[in-house]
Protein chains: 2
Amino acid sequence: MSNLISIKSATLSEDISQQLTNAIVQGYIPQGSKISEPELAKQYGVSRGPLREAIVKLEGLGLVTRTANVGARVIELNTQDMLDTFTMREALEGMAARLAASTMPSEEINSLYALLDKHQAYLDANQDEHYVQQGGNDDFHLRIIHASGNAKLIRLLTEELYAIIRMYRRHTADQRSDPRQALREHKAILDAIANHEGDLAELLMRRHISRASQLLKQAMEHSAVASRT
Amino acid sequence: MSNLISIKSATLSEDISQQLTNAIVQGYIPQGSKISEPELAKQYGVSRGPLREAIVKLEGLGLVTRTANVGARVIELNTQDMLDTFTMREALEGMAARLAASTMPSEEINSLYALLDKHQAYLDANQDEHYVQQGGNDDFHLRIIHASGNAKLIRLLTEELYAIIRMYRRHTADQRSDPRQALREHKAILDAIANHEGDLAELLMRRHISRASQLLKQAMEHSAVASRT
DNA sequence: AATAGATAAATTGTCAACAATATGGCGTTT
DNA sequence: AAACGCCATATTGTTGACAATTTATCTATT
């Protein structure tokens, strides 16, 4: 139940940085709340030095914003920020799918087919309940991203954008997408990659993400109307 | 002649951060060189605190790499890194062009046509000599990026990727592209945007950047062969 | 002579104190 | 009563000192 996950790193700063990142993404530290240096330093049992360093790192990751002489606050994700993030994701993951289509080794492709079979079996067994893809090696999108072989693209998507997305999902009604539909789309994307059809793979991946983005937009407009009553 | 550009910021840390960024991008601090905290602190006349903070920021921007208990080094850009960066640029600027096609106000479009006329006049007057587009408001690509209206995309492209690209250009034979060809492509992109043809604008922008990427690749292979003699 | 180990120097990581700035409360003034 | 300015408090920014780790130097051994 504790939000303190003990990860022994080489330096305190790295340690705190990871713990803070986790705390923010998981929502233990709510959006918009102030990051007090003395308070957190006491809480984590370190001095302000390494803690400040961690905050600067978080700023680089886009999880907090800092104002000189005032301090840091956790970002507040509004719908526009989220749609902007999805737009970038569409462009970058589309490109990742294209790259994967030309470089992905066949054994990795087979392994991904096996993963999709596993997802299929899960849906069959759990009557279409969403499987939680929390970033592990079982996440189809992450596998494609890594298959791109573009180190900078991998870092950006997995360390920055996905943190934001996961953070957002926590406080919104989970995506009301049809998991079987998503699985079909995943399969189509993988087929294109297996056939080394980069153009098609990119197109399908973009359409897939765009669809999720549209759902998000609708959900937001809906909840905005609902909260207005 | 000094590499010290005095920018009075709210905090020393911001100040140092900007100066270091500039020094690295401009090549005053060469690639691969070690960032010594005591040395730089003395050089800039500050204590190690704000200097460390600046280094952490630079790490977030991808300009230096840090190793625990060892220190920071300026990144060394190899051809692969550069091609990876161009690949991301292709995806993101392509998307920016698409977005611009649907949101760019007509007066801004006219202003961009005027800019291209200015470039044309420059080429006519200076017998096709490259105009240096060092990131000012006269850079066509930056104008398109800003017209996308996607804040996150703007920040990533202008603050991170472009810093890397400028850094790389400094120590390589400048792009041997045909400036008239580039100008023609810019015009075609702008035409597509003016006609609100997002698909076409994206396609043309990607082709434009891909072409530059190909030239870069050839130049690299060429110089690799040349240096082997 | 080359390698391995021990010691010394230098650098990074961390801390606690001080300075500068912003925030909140109080009283005064209009 | 509201607004302005002043003062006290708290927070951030910066500094110098100390601890921990790495790097360099020197000696000893094979």
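As the structure is a computational prediction, the values presented were derived from the model and not from experiment. So that the names make sense, note that chain A is the first sequence line, chain B the second, and so on, each numbered from 1.
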Legend entry - Distance, rounded to the nearest Å, where B:L51 contributes CG and D:dT14 contributes C1': 12 Å
Inset, instruction - Could you tell me whether A:K57 and A:E160 make a salt bridge, using a distance below 4.0 angstrom between a side-chain N and a carboxylate O? - result: no
Legend entry - Distance, rounded to the nearest Å, where B:E59 contributes CD and C:dT12 contributes C1': 14 Å
Inset, instruction - Examine C:dT12: is either OP1 or OP2 under 4.0 Å from a nitrogen or oxygen in the side chain of B:K34? Give yes or no. - result: yes
Inset, instruction - Indicate, with yes or no, if the rings of B:H146 and B:H141 have centres closer together than 6.0 Å. - result: no
Inset, instruction - Measure from the side chain of B:E37, starting at C-beta and using heavy atoms only, and say which of D:dT22, D:dT12, C:dG13 lies closest. - result: C:dG13
Legend entry - Interatomic distance, A:R155 atom CZ to A:N150 atom CG [nearest 0.5 angstrom]: 12.0 Å
Inset, instruction - Rounded to the nearest angstrom, tell me the gap between atom NZ in A:K42 and atom P in D:dA10. - result: 13 Å
Legend entry - Whole-Å gap separating C1' (C:dT11) and CG (B:L40): 13 Å
Legend entry - Within 6.0 Å of NZ in B:K34, more than 12 heavy atoms from elsewhere: yes
Inset, instruction - Rounded to the nearest angstrom, tell me the gap between atom CG in A:L12 and atom C1' in D:dC18. - result: 15 Å
Inset, instruction - Between A:R48 and B:S36, just flag the one whose closest nucleotide in DNA chain C comes earlier from the 5' side. - result: B:S36
Legend entry - Among C:dT11, C:dT14, D:dT14, the one nearest B:P38 by side-chain distance: C:dT11
Inset, instruction - Just call it for A:I16: base, sugar-phosphate, or nothing, with non-hydrogen atoms closer than 4.0 Å on any strand. - result: nothing
Inset, instruction - Could you say whether B:G71 or A:V70 is positioned toward the 5' end of DNA chain C, judged by the nucleotide with the nearest heavy atom to each? - result: B:G71
Inset, instruction - Measure from CZ on A:R66 to C1' on C:dA22 and round the result to the nearest Å. - result: 15 Å
Inset, instruction - Check every strand shown and say whether B:I55 touches a base, only sugar-phosphate, or nothing at a heavy-atom separation below 4.0 Å. - result: nothing
Inset, instruction - Whole angstrom is fine here: how far is it from CD in A:E14 over to P in C:dT12? - result: 15 Å
Legend entry - Distance test, side-chain N/O of A:R52 to OP1/OP2 of D:dG13, below 4.0 Å: yes
Inset, instruction - Name the nucleic acid region contacted by A:G49, choosing base, sugar-phosphate or nothing; use a 4.0 angstrom heavy-atom cut-off, strictly under. - result: nothing
Inset, instruction - For B:E53 and D:dT12, give me the distance from atom CD to atom C1', rounded to whole Å. - result: 10 Å
Inset, instruction - For the pair B:R206 and B:E93, find out whether any cationic side-chain nitrogen is under 4.0 Å from an anionic carboxylate oxygen. - result: no
Legend entry - Selected nucleotide, minimal atom distance to B:N69 side chain, candidates D:dG13, C:dT14, D:dT22: D:dT22
Inset, instruction - State which of C:dG13, C:dA16, D:dT15 makes the closest approach to the side chain of A:S47. - result: C:dA16
